[in-house]
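These notes are about the structure you will find just below.
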Amino acid sequence: MYKLFRSFLVLTLLSVTFSAAAQPDPEDRKLTIRGQVRDAELKEPMVQATIQLFTASDSTFVGGTVSNERGNFYLTAPSSGTYRIKISSVGYQTIEREITLRRNANQDLGNLLMETESIMLQEAVITGRAAQVIVKKDTILYNPEAYRTPEGSPIEELIKRIPGAEVDEDGNITINGKQVKKILLDGKEFMLGDVETALKNIPVSIIQNMKFYDQQSDESRITGIEDGEKETVLDFSIKKGMNRGYMTNLDLGGGTKHRYASRGMGSSFTDKTRFVLLGNFNNKEENAGWWNRRGLNSRKMLGTNFNFDDNDKLKIDASVRWNHRGGDNQTENAKEDFYSEGSTFSNTLTANYTRSDNWWGNLRFEWKPDSLTNILVRANGSYGTSDGTTQSMAATYDADPYLYATDPLNQLSVLKPYAINQNLNANLTYGENKNAWAMLQLYRRLNPRGRNIILRVEGSAGDSENQSVSDNEVLLFRKQDQYGNDSTYYTARYSTTPADNWGYVLRTSYSEPLWKGAHLQLSYELRYNQNKSDRLTYDFSHMSTNIFEGITPEYRTWDPWLHSVYDKLDDYLERDLSRYSEYKNYTHNVRLNLRHRVEKYDYNIGFLVQPQHSNFIQNYRGVYVDTVRNVTNLTPTFDFHYKFSDQSNLWLHYRGDTRQPEMTQLLDITDDSNPLYVTMGNPGLKPQFTSSLNGYYNNYIVRYKRSIVVYANYRHIRNSISNLVRYNPETGGSITRPENINGNWNVNAGFTFNTALDSTAHWNVGTDTRVRYNNLVSYVAQDKADAAKNTTRTTNLNERITMGYRNDWLEVSLDGQLNYQHTRNELQPTANLDTWQFNYGGQFLVRLPLDFELSMNLHERSRRGYNDASMNTNELIWNGQVSKPFLKNKSLIVALNFYDLLGQQSNYERWVNATGRSDTRFNSVNSYAMLHVRYRLNMFGGKIDTEGRYDKKWGGRDNRGRGGWRR
């Protein structure tokens, strides 16, 4: 090795000698300018300060950059000469210097101290803006100041504005094809990964910047060896100066149509500790897109988060949260199911009322007793209750009912020739759940080269109790009873389902260094889990009268349903409908990984062998089963990362995963407890194997403040476990049996591009392009006909273009979005779709005299290509806010919000796959106004921030009236 290194050194010196001889005259060499920007008062690094270089003679722009996380910057000049350097940042006095570069003499400007701008300007001053997006190594950094949000907005509104980001109706965040798993504050876990709580409660006003990256696993972070197991996170940095002291943010809001929304956050930060108290109470629509409004929902939340970090030996993270949710969801659904010999159509009207209360607690404890040892403890627990009541009315037809009626459920007499059945249902449910989990991990480094060993033990336990009562009445129009009338049957049942589970995990791993940057890791893990359920079903269906008829379900009101049978309930216990099951599983995970990391690239090659032993016991429908299954799953993995530069990186990931059928799917048992929905098992099911290949590339061109992200994902399933559904045209019922099928695969890709159009980044343009293709297959059959393989191919194209201008008092953004869906169904060409959705408009934010701020969002949203003409609509959606600060430090803000001012937003959702399509309308309140009163009290360094000092210094978000208007 020494001889090889010596030879390499000699060749390098010779190469340098020859290249030096071939270089041009030193006068023509590029020269470098470097320095560090710091806050003059706090002496802390300035992040994203804008640095611009001009020629001194004619002010020609030469180049520009921004300072990094440590305040450092680096510029290149084309040749020697005299230049003028300009350094600017919002809320600071601009620094301008003249520098002379001589031959062979690079310039190090050292520390450059920026003073806060304390003089109110009489004229608007245009300064350089930080880039919207910066890419550095594996991190994408977003500048919140470049995506202004209305005053008082939570970080959810900020995330929705960044390129390539989506927030769905459940609060899930996807950026550039990756789903965000955790929210961090200054690199520390917030609510230990509770994304939704962070979205709703962290105000944008305290955020300095936002980082998007893949976080290492606990094991990888502790050992320093990449294990390929990462979670995508959003890491929010708090404004400098605000991370030491006290902050209080209160937001009280009330509106028309009985809408309300109140939110509060109090925090105490020191160098070592962080304590946050949160509260949120609202019944306004949140997260739902314009195409998907899901009913009327209310939420209440109280939570607290604590972090301690002594930056040496001890770290503690803890959080507690209470959530209450209430739902009033009324839906109107029209559905078409595809079968080999035609389609069936159904309509359903449902009123569903829900409520739940849940408590969660989380703990993370990490201790380093010495430099070689790490002890990590994680634990969590939860307790929750849930209620639900439902009433529904449904009907099934053999032809499209909208060809003959406008309101099918209320015009059954008109649709009698096409109607197959009618179904009336009412039910009441209640559940109680308790869960706990804990983990202890011990790490010990055995030598300086990276040899280490890890021991880990986990334990979990859970318990639940669920009750339900249901009344179901079915009228069959094509099946007559002995008197020649339409056949009718009903079911009236009460069920209790106690269940419990527990398990443990024992794991050890050993890492051996092979050569520089390379490690071989061998790990063994034993997992055991046991689940037990004992459902008791009481059947009153055979009584002479329906004892549940006419009862309206209300939360936990069991007496109206059961009062007449309480004293003899055991007499109605139906053993065939009751079900006892017990499942025990032992899983052995043997994993071997080779990891190699050098300066330019790193890779991880791994293979998992997973033997499983399962024992399943079930007593159901008069059949007792005690069966054992032994299987082995194989999972290959491959990860590769290549670093072209600090701003340009490429990642490739491959995962192979084997999934065995569920034990209940393998049992040859027919469940006909519901005559309209019969299920069967299939002992011949094979395991399915999923291959996933993902690619990701990012780049950032500093000079032009230009960011590029490209990604692609491919997923293929072999022996996919699907359901073969046989339809009975006489009753409208079906028989479902799991079957293996091949042909399921999908691919999606995306490209995001953002760039400044001028050196000061006042003008920005961006594009977000996405392509998705799904090849979905399923088996369909009608009655006893042979099963046919149906394929539905769906192509989805989405393009969004944005262009914006911003200065100190005005921001205008225009955007247009086009979504095209092309669907082709092999067995049912009449179900083919070519739909278009357009969304175009703009938003602006302007700071007016007397400190008023006006923000507006106006978009035209259109649909085309739907079979139902009523869906081909135009909707002009107009949302906005007017706000004004009060008090000396502008800590009290009053804001008036209005949503869908023109009342044109609809509540509609559509989905389509290989088995059918569905159109659903929801009840919701989309058009309303709301008045907010917001108050902020900040105390830093023992003094109340009466001048809004830290807001001015770190982001300028509250510098209303600083420029553009005379006082």
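Values below: all heavy atoms of this structure, side chains included; hydrogens, waters and symmetry mates excluded.
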Please enumerate all residues that pass ring-ring contact (aromatic ring centres under 6.0 Å, His included) together with [X], with sequence neighbours excluded.
X	answer
Tyr580	none
Tyr572	Phe540
Trp502	Tyr528
Trp360	none

Measure the spacing between [atom1] of [X] and [atom2] of [Y] and express it to the nearest 0.5 Å.
X	Y	atom1	atom2	result
Leu349	Arg921	CG	CZ	12.0 Å
His613	Lys584	NE2	NZ	9.5 Å
Leu475	Ser487	CG	OG	8.0 Å
Ser918	Lys335	OG	NZ	6.5 Å
Leu428	Glu554	CG	CD	9.5 Å

TODO: Start with the C-alpha distance between Thr344 and Thr396, add both sets of side-chain angles, then the distance that settles side chain to side chain donor-acceptor pair (under 3.5 Å), and finish with yes or no.
DONE: CA-CA 7 Å; Thr344 63; Thr396 305; over 6 Å; no
Open item on the list: Within the supplied structure, the quantity of interest is the number of heavy atoms (other residues, nucleotides, ligands) at a distance under 6.0 Å from Lys300 NZ; does it exceed 12?
Closed with: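 Buried by this count: over 12 neighbours within 6.0 Å.
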Open item on the list: Looking at Arg575, I want to see if its CZ is surrounded by more than 12 non-hydrogen atoms of other residues, nucleotides or ligands under 6.0 Å.
Closed with: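 For Arg575, atom CZ is not crowded (no more than 12 foreign heavy atoms under 6.0 Å).
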Task: Among Thr390, Asn329, Asn427, the one residue meeting side-chain hydrogen bond (donor to acceptor under 3.5 Å, both in side chains) with Asn352 - done: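 Testing Asn352 for a side-chain hydrogen bond (donor to acceptor under 3.5 Å, both in side chains) against Thr390, Asn329, Asn427 leaves exactly one candidate, Thr390.
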TODO: Only one of Thr331, Asn333, Thr348 passes side-chain hydrogen bond (donor to acceptor under 3.5 Å, both in side chains) with Thr920; say which it is.
DONE: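 Only one option passes, and that is Asn333.
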Between [X] (side chain) and [Y] (backbone), is there a donor-acceptor pair under 3.5 Å?
X	Y	answer
Thr537	Glu574	no
Ser356	Gly384	no
Asn723	Val725	no
Tyr583	Ser614	no

Heavy-atom distance under 4.5 Å between the side chains of [X] and [Y], does that happen here?
X	Y	answer
Ser578	Arg535	no
Asn615	Gln530	no
Met301	Arg321	yes
Glu739	Ser778	no
Arg259	Val925	yes
Gln422	Phe477	yes

In a table with atom names and distances, give each donor-acceptor pair under 3.5 Å that connects a side chain of residues 676-686 to protein atoms at least two apart or in another chain.
| unit_1 | atom_1 | unit_2 | atom_2 | d |
| --- | --- | --- | --- | --- |
| Asn682 | OD1 | Gly684 | N | 3.0 |
| Asn682 | OD1 | Arg737 | NH2 | 3.2 |
| Asn682 | ND2 | Pro738 | O | 2.9 |

Atom pairs and distances, donor-acceptor, side-chain atoms in residues 558-571, under 3.5 Å, two or more places apart:
| unit_1 | atom_1 | unit_2 | atom_2 | d |
| --- | --- | --- | --- | --- |
| Asp559 | OD1 | Tyr566 | OH | 3.4 |
| His563 | ND1 | Asp559 | O | 3.0 |

Heavy-atom pair of closest approach, residues [X] and [Y]:
X	Y	value
Ser319	Asn305	CB-OD1, 3.8 Å
Asn923	Asp328	ND2-O, 3.2 Å
Lys434	Tyr383	CG-CD1, 3.2 Å

- [ ] Return the set of residues passing side chain to side chain donor-acceptor pair (under 3.5 Å) with Gln665 (not counting sequence neighbours), or none when no residue passes.
- [x]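 Applying side chain to side chain donor-acceptor pair (under 3.5 Å) to Gln665 gives none.
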- [ ] Could I get the full list of side chain to side chain donor-acceptor pair (under 3.5 Å) partners for Gln467, not counting sequence neighbours?
- [x]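 Gln467 satisfies side chain to side chain donor-acceptor pair (under 3.5 Å) with Tyr494 only.
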Applying side-chain contact (heavy atoms from CB on, under 4.5 Å), can you list everything that pairs with [X], at least two apart in sequence or on another chain?
X	answer
Ile669	Gln618, Val623, Val625, Leu667
Gln612	Asn585, Thr587, Gln610, Val631, Asn633, Gln660
Ser533	Thr497, Ala499, Ser581
Ala399	Tyr404, Tyr418

Open item on the list: Between Asp500 and Lys532, does any NZ, NE, NH1 or NH2 come within less than 4.0 Å of an OD or OE carboxylate oxygen?
Closed with: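 Not counted as a salt bridge, because no side-chain N and carboxylate O are separated by less than 4.0 Å.
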TODO: Output, in order, the C-alpha distance, side-chain angles, deciding distance and verdict of salt bridge (charged side-chain N to carboxylate O under 4.0 Å, His left out) for Asp671 and Arg579.
DONE: CA-CA 11 Å; Asp671 181 359; Arg579 175 176 174 176; 5.8 Å; no
TODO: May I have the step-by-step check of side chain to side chain donor-acceptor pair (under 3.5 Å) for Asn280 and Asn282, ending in yes or no?
DONE: CA-CA 7 Å; Asn280 195 329; Asn282 73 80; 3.1 Å; yes
TODO: Would you confirm whether the ring centroid of Phe345 sits within less than 6.0 angstrom of the ring centroid of Tyr397?
DONE: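 Aromatic pair excluded; centres sit 6.0 Å or further apart.
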